[in-house]
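One structure is given here, and the rest of the page talks about it.
Residue numbers begin at 1 in each chain, while the letters A, B, ... track the order of the sequences. Values below: all heavy atoms of this structure, side chains included; hydrogens, waters and symmetry mates excluded. For clarity, every value in this text was computed on a predicted model and none was experimentally measured.
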There are 2 protein chains.
Amino acid sequence: MIAPHFLFMNKRNSIEPQQNPESDAPSCEARLVHLDQVRQVQPEILPLLEAQQMAEFFGVLADPTRLRLLSALANQELCVCDLAAGLKMGESAVSHQLRLLRAMRLVKYRKEGRNVYYSLADSHVINLYREVAEHLHETH
Amino acid sequence: MIAPHFLFMNKRNSIEPQQNPESDAPSCEARLVHLDQVRQVQPEILPLLEAQQMAEFFGVLADPTRLRLLSALANQELCVCDLAAGLKMGESAVSHQLRLLRAMRLVKYRKEGRNVYYSLADSHVINLYREVAEHLHETH
DNA sequence: CCCATATATGAATAGCTATTCAATTGTTTA
DNA sequence: TAAACAATTGAATAGCTATTCATATATGGG
């Protein structure tokens with residue numbers, strides 16, 4: 001298996017929100033059971049801050065409406081109004097969601113007159129979809 | 001750009017929870033503005049059901065604790081107790097989250113005595129991480 | 001057989017989130 | 001300039017979710 005350390009972006013095992021390894025164990029007396037394992041795994045655990053960033057990103061994709069918006073934009077740029085019509089939703093709801101997609105830099109936009117045209121920002125989303133689609137299609 | 005239609009798994013543009021294209025538009029009078037665009041994009045929009053499935057999957061990854069659990073398991077299998085100790089969390093919380101990861105088939109487990117050892121189910125998660133890490137590391 | 005331990009589970013609570021409604025901004029056109 | 005319109009924004013509400021606490025199940029040791 002590939003080294004996860006790299007994958008989880010532990011560029012440096014620097015100071016993190018985590019307490020030091022020897023501190024109190026919350027409940028399970030792990031230090032009595034598998035202290036070695038715990039010691040070994042702790043530096044490989046994704047630091048809380050980076051975990052939160054990544055979770056925030058996945059969270060943006062964790063909504064049917066936003067996924068449908070992205071799918072609509074996969075082929076062509078569209079204005080808010082047309083997106084709303086295509087999804088049969090209110091413009092306000094769509095605008096709120098586009099804001100999130102914008103914040104995560106998944107879409108970009110362009111103003112033309114009183115319309116605002118949105119389009120996909122890069123190809124990362126496409127790759128993510130492919131991976132997840134593959135996973136979801138495996139033996140259920 | 002790659003054909004999104006394929007990526008979004010519209011195996012068939014069959015009957016879906018969506019109303020027919022001519023039905024009432026909620027608010028924006030899109031049929032007056034860009035009816036052609038709306039018509040064109042609608043069959044490409046990810047169907048609601050599939051969008052929900054995919055959103056559910058991303059939702060599992062949209063939590064710092066679960067991401068950290070996965071990072072802990074990337075290298076080695078670990079029992080609940082050690083995972084809890086490594087993350088400095090209660091066993092109950094960890095167990096609840098592992099249940100979700102199990103439901104999404106991201107981890108598998110093995111019982112040995114009174115311990116239950118968890119490990120990653122496949123390599124999809126690894127790939128997802130890589131893609132997202134790349135995205136997050138691009139010019140902020 | 002009883003007790004400690006490992007894990008799982010259910011209920012409860014606090015915090016987050018998606019949509020709606022109302023109001024606002026900025027732009028075009030009449 | 002007034003009116004219509006596209007889009008955004010803020011507040012409010014309903015629904016979801018992560019953790020905690022309490023309890024349950026099961027396994028191994030004495």
Would you mind reading off the distance between A:Leu69 atom CG and D:dA7 atom P, rounded to a whole angstrom?
-> 13 Å
Is the phosphate of D:dA7, meaning OP1 or OP2, less than 4.0 Å from a side-chain N or O of A:Arg110?
-> no
CE/A:Met54 to CD/A:Glu50 distance, rounded to the nearest 0.5 angstrom?
-> 7.5 Å
dist A:Leu73:CG -> A:Leu120:CG (nearest 0.5 Å) comes out at 5.5 Å
C:dA6 OP1/OP2 closer than 4.0 Å to side-chain N/O of B:Tyr118 = no
Taking only nitrogen or oxygen atoms into account, show me every contact under 3.5 Å that the protein makes with nucleotides 25-30 of chain D, one pair per line with its distance.
none

OP1 or OP2 of C:dA6 sitting under 4.0 Å from any side-chain N/O of B:Tyr109?
-> no
To the nearest Å, how far apart are B:His34 NE2 and D:dC5 P?
-> 14 Å
Side chain B:Lys111, main chain B:Tyr117, donor-acceptor under 3.5 Å = no
Length of the line joining B:Asp82:CG and C:dA6:P, which is rounded to integer Å | 9 Å
Is a side-chain donor or acceptor of B:Ser119 paired with a backbone partner of B:Glu77 at a separation under 3.5 angstrom?
-> no
Take the C1' atoms of the five end pairs on each side of the helix from C:dC1-D:dG30 to C:dA30-D:dT1, derive the two axes, and give their angle rounded to 10 degrees.
-> 20°
Between D:dA7 and A:Asn115, is there an OP1 or OP2 to side-chain N/O distance shorter than 4.0 Å?
-> yes
Would you please say whether a donor-acceptor pair under 3.5 Å links the side chains of A:Asp82 and B:Gln37?
-> no
How does protein reach along nucleotides 18-24 of chain C, written 5' to 3' as B (base within reach of a heavy atom under 4.0 Å), S (only sugar-phosphate), or - (no contact)?
-> SBBBB--
Under 4.5 Å between any side-chain heavy atoms of A:Gln97 and A:Val94, yes or no?
-> no
With B:Phe58 via ring-ring contact (aromatic ring centres under 6.0 Å, His included) - residues at least two apart = none
Residue set satisfying side-chain hydrogen bond (donor to acceptor under 3.5 Å, both in side chains) with B:Glu131, at least two apart, ordered chain then number -> A:Asn127
Considering the options B:Thr65, B:Leu61, B:Val60, B:Leu67, which one meets the side chain to side chain contact (heavy atoms under 4.5 Å, CB included) requirement together with B:Asp63?
-> B:Thr65
Write down the distance between CZ (A:Arg99) and P (C:dT17), rounded to a whole number of angstrom.
-> 13 Å
Using atom types as modelled and distance alone, determine if a side-chain donor or acceptor of B:Arg68 lies under 3.5 Å from a backbone N or O of A:Ile45.
-> no
Keeping to residues at least two apart or across chains, list the ring-ring contact (aromatic ring centres under 6.0 Å, His included) pairs with something in residues 96-116 of chain B.
-> B:Tyr109-B:Tyr118
Rounded distance in Å - CG (A:Leu83) to P (D:dA6) = 14 Å
